[in-house]
Amino acid sequence: MKVGKTFQEKIYQVVAKIPKGRVLSYKEVARRGGNAQACRVEGNIMNRHNIKGLPCHRVIRSDGRVGGYKWGTKKKIKRLQAEGVKISKDGKIIGFKR
DNA sequence: AGGGTGACCCGCT
DNA sequence: CAGCGGGCCACCC
């Protein structure tokens, strides 16, 4: 029995509910979405459809890095810092627990 | 309309 | 340490 909703919908809901100043890893989001192995799709969706209102910059890799970004990883880091997220010089998320 | 590949990845061997 | 498979979406031809 299928829920009917596509992965994008689930991902959208999860990511959109990320509190400000908090970051989630792709795997975490994917896990909540139902398939932890679909982590690639997340990036793909956001990359092709940088949905407005979706704080995709709050989604980072499990390694603690910010990962990639359609508009540029640097931009992503800057954005996170503006939200209050501490980021190391190497672009590592400080205070991120996987 | 259909097939094939890329993509902001992760975990295992 | 390096390499690859895995599942889902959108775009290209």
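Proteins get letters first, then strands, A, B, ... in listed order; numbering begins at 1 in each.
- For A:N35 and B:dC10, the CG to P distance is 16 Å, given to the nearest whole Å.
- When side chains are defined from C-beta on, A:L80 counts as touching A:I93, because their heavy atoms get closer than 4.5 Å.
- The footprint of chain A on DNA chain C, defined by a heavy-atom cutoff below 4.0 Å, extends from C:dG6 to C:dC11.
- By the 4.5 Å heavy-atom criterion applied to side chains, A:Q8 and A:I51 are counted as neighbours.
- As rounded to whole Å, 23 Å separates atom P of B:dA7 from atom NZ of A:K27.
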Taking Watson-Crick and G-U wobble contacts under 3.5 angstrom, with | marking pairs to another strand and [ ] crossing pairs, the secondary structure of DNA chain B is written .|||||..|||||
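- A residue-by-residue look at A:V41 and A:I60 shows that A:V41 has its nearest nucleotide of DNA chain B further toward the 5' end.
- Residues satisfying the side chain to side chain contact (heavy atoms under 4.5 Å, CB included) criterion with A:Q13, sequence neighbours excluded, are A:K17.
- Listed by chain and number, the residues in a side chain to side chain contact (heavy atoms under 4.5 Å, CB included) with A:L24 are A:I18, A:E28, A:V29 (sequence neighbours excluded).
- Rounded to an integer number of Å, the gap from A:M46 CE to B:dA7 C1' is 11 Å.
- With sequence neighbours excluded, no residue satisfies side chain to side chain contact (heavy atoms under 4.5 Å, CB included) with A:Q37.
- Nearer the 5' end of DNA chain C, as judged by each residue's closest nucleotide, is the contact made by A:Q37, out of A:Q8 and A:Q37.
- Among residue pairs with one or both ends in residues 29-40 of chain A, none qualify as salt bridge (charged side-chain N to carboxylate O under 4.0 Å, His left out); sequence neighbours excluded.
- Residue A:R61 contributes atom CZ, which lies 13 Å from atom C1' of B:dG11 at whole-angstrom precision.
- Each salt bridge (charged side-chain N to carboxylate O under 4.0 Å, His left out) pair with one or both residues in residues 48-59 of chain A, not counting sequence neighbours, appears once here: A:R58-A:E83.
- As judged by a 4.0 angstrom heavy-atom cut-off over every strand, A:R40 is placed among the base-contacting residues.
- Applying the ring-ring contact (aromatic ring centres under 6.0 Å, His included) rule to pairs touching residues 61-89 of chain A yields A:Y69-A:W71, sequence neighbours excluded.
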